[in-house]
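To keep things clear, I will list the structure first and then write my remarks on it.
Every heavy atom of this structure was used, including side-chain atoms; hydrogens, water molecules and symmetry mates were not.
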Amino acid sequence: MMFKPLFSTRAVLTLLFPLGIVLSPTLAAKEFGDIQQYHENIQPSGSEGIINTSVTATTNAEGVVYLPAYEKGQLANYEVLSGTLIGTPERVDIHGREAYRYRFASSDSAVTLQQTFQVKKLYKEKKAKLKYSHPAGVTRVSYTFTNTSPSTIDDFSTQLSVPKGTELYGVVTPEWSKKKKTFTISKLDDWKVVTVNRSALAAGQEVETKVRLYRPAPSIKWVLWTFVILISGALLWKRRDVLVDEKEAVESAPIEEQK
């Protein structure tokens, strides 16, 4: 006797497909580890950029976690703050993208670490394209972060420092919005920084930061100082009669009063 199945194969697959979509990020996190927080602080060194990162992550079943790499950058230094690292980090190719593989002694455990990268031409300035009149010497600097790791970054932030000797002329990307805060401008350790935050940054996704810089010409500074000196001299000349009268009053006063 043949029994007819209650559900067809197509019906079962239809029911399981949404479940697979929901579970796929969790399975990926267990396979490659999970990145809870990835924070960048970027400062210039000539045309190069020094990127200091602070990372909080969870290792997979093998004690491994994969962290993003930089296309034109090299890992200059690293420090493990919590967790026991086995060996040294390796730059590996995974799913067509390069990432750094850290292997720790404990599986499925929380780890924290700091990294320092040197990235070539990160602060290479290009002439800014502006529609309206503007001061001469406005340039732009563009930086794009790509999550080259196979894991989603739950909380990502980048801080791009404005080079010393320049002024921040404006933020191009991300665009300013009335509905939500897309970036912030603040002071950090004597640096002016532009901060961009993202949540749930999936593998392969990018975050672009583009700013315009203005470097005041030395001639402008001399003009300003000359203007200040001229104004001060004019004020003193205007009050010359008052100063002379006060001096004469002091000189003509009796000796006893002067004492």
Side-chain angles (χ1 to χ4, degrees), residues 13 16-42 48-122 124 142-160 173-174 196-210:
L13 292 176
L16 291 178
F17 181 73
L19 183 62
I21 295 177
V22 173
L23 293 178
S24 58
T26 304
L27 294 175
K30 289 185 176 297
E31 182 181 358
F32 300 111
D34 189 25
I35 305 174
Q36 285 82 34
Q37 188 176 52
Y38 193 96
H39 171 71
E40 294 181 320
N41 178 266
I42 310 172
E48 292 188 355
I50 306 299
I51 302 181
N52 293 300
T53 69
S54 300
V55 186
T56 301
T58 301
T59 62
N60 63 7
E62 299 176 349
V64 173
V65 65
Y66 294 89
L67 300 182
Y70 296 84
E71 182 180 359
K72 296 181 180 180
Q74 295 295 328
L75 181 62
N77 191 26
Y78 63 91
E79 180 182 3
V80 176
L81 303 179
S82 66
T84 303
L85 183 66
I86 299 176
T88 58
E90 298 177 286
R91 187 160 181 157
V92 298
D93 183 279
I94 183 166
H95 292 177
R97 291 186 293 266
E98 290 190 330
Y100 280 95
R101 179 172 59 197
Y102 287 79
R103 186 180 298 276
F104 291 85
S106 300
S107 60
D108 301 317
S109 62
V111 295
T112 57
L113 62 148
Q114 295 177 339
Q115 305 171 108
T116 300
F117 293 91
Q118 292 180 339
V119 182
K120 296 180 179 179
K121 299 182 179 180
L122 194 154
K124 183 179 180 180
S142 303
Y143 166 67
T144 301
F145 170 83
T146 304
N147 181 13
T148 63
S149 79
S151 304
T152 295
I153 301 175
D154 297 336
D155 182 13
F156 171 81
S157 63
T158 182
Q159 291 180 322
L160 183 67
T173 307
V196 180
N197 295 278
R198 291 288 185 272
S199 58
L201 190 66
Q205 284 190 333
E206 298 180 346
V207 177
E208 184 180 16
T209 306
K210 185 184 296 183

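Evaluation of the salt bridge (Lys or Arg N to Asp or Glu O under 4.0 Å) test over residues 87-99, restricted to residues two or more places apart or in two chains, returns Glu90-Arg101, Arg91-Glu98. Legend: side-chain hydrogen bond (donor to acceptor under 3.5 Å, both in side chains) pairs involving residues 77-87, not counting sequence neighbours, sorted by first then second residue: Ser82-Thr112.
For Glu62, the CD atom sits in a loose shell: 12 or fewer heavy atoms of surrounding residues, nucleotides or ligands are nearer than 6.0 Å.
Judged as a ring-ring contact (aromatic ring centres under 6.0 Å, His included), and not counting sequence neighbours, the contacts of Tyr100 are Phe117. When the side chain to side chain donor-acceptor pair (under 3.5 Å) test is applied to Ser107, no partner is found at least two apart in sequence or on another chain. Not counting sequence neighbours, Ser106 has no partner by the side chain to side chain donor-acceptor pair (under 3.5 Å) test.
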field: Verdict with supporting geometry, Val111 and Tyr102, side-chain contact (heavy atoms from CB on, under 4.5 Å)
entry: CA-CA 10 Å; Val111 295; Tyr102 287 79; over 6 Å; no
- request: With side-chain hydrogen bond (donor to acceptor under 3.5 Å, both in side chains) as the test, would you mind laying out the steps for Thr58 and Gln36 before giving the verdict?
  value: CA-CA 8 Å; Thr58 301; Gln36 285 82 34; 3.0 Å; yes
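With rounding to the nearest 0.5 angstrom, the OH atom of Tyr143 is 8.5 Å from the CG atom of Leu160. Of the inter-residue distances, the one linking Phe145 atom CZ with Arg198 atom CZ reads 12.0 Å to the nearest 0.5 angstrom. Interatomic distance, NE2 of His39 versus CD1 of Ile153, reported as 13.0 Å (0.5 Å rounding). One distance of note links OG1 of Thr152 with CG of Leu201; it measures 8.0 Å at 0.5 Å rounding. Within the model, atoms CD1 of Ile42 and CD1 of Ile50 stand 11.0 Å from one another, a figure rounded to the nearest 0.5 Å.
Residues Ser151 and Asp34 bring no donor and acceptor atom of their side chains to less than 3.5 Å of each other. There is no side-chain donor-acceptor pair under 3.5 Å between Ser54 and Gln37. Side-chain polar atoms of Asn147 and Gln205 form no donor-acceptor pair below 3.5 angstrom.
Across all their heavy atoms, Ser149 and Ala99 have their closest contact at CA-CB, 4.2 Å. For Val64 against Arg103, the heavy-atom pair with the smallest separation is CG2-NH1, 3.4 Å. The nearest pair of heavy atoms linking Ala61 to Asp108 is N-OD1, 3.6 Å.
Looking only at distances, a side-chain donor or acceptor of Asn60 sits under 3.5 Å from a matching main-chain atom of Glu31. With hydrogens and angles ignored, the 3.5 Å screen pairs no side-chain donor or acceptor of Thr146 with any backbone N or O of Thr148.
Residues Asn52 and Gln114 are not in side-chain contact: their nearest non-hydrogen atoms beyond the backbone lie 4.5 Å or more apart.
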Quiz: residues 66-74 side-chain donor-acceptor pairs under 3.5 angstrom, not counting sequence neighbours:
| residue | atom | partner | partner atom | Å |
| --- | --- | --- | --- | --- |
| Tyr70 | OH | Tyr38 | OH | 3.1 |
| Tyr70 | OH | Glu40 | OE2 | 2.5 |

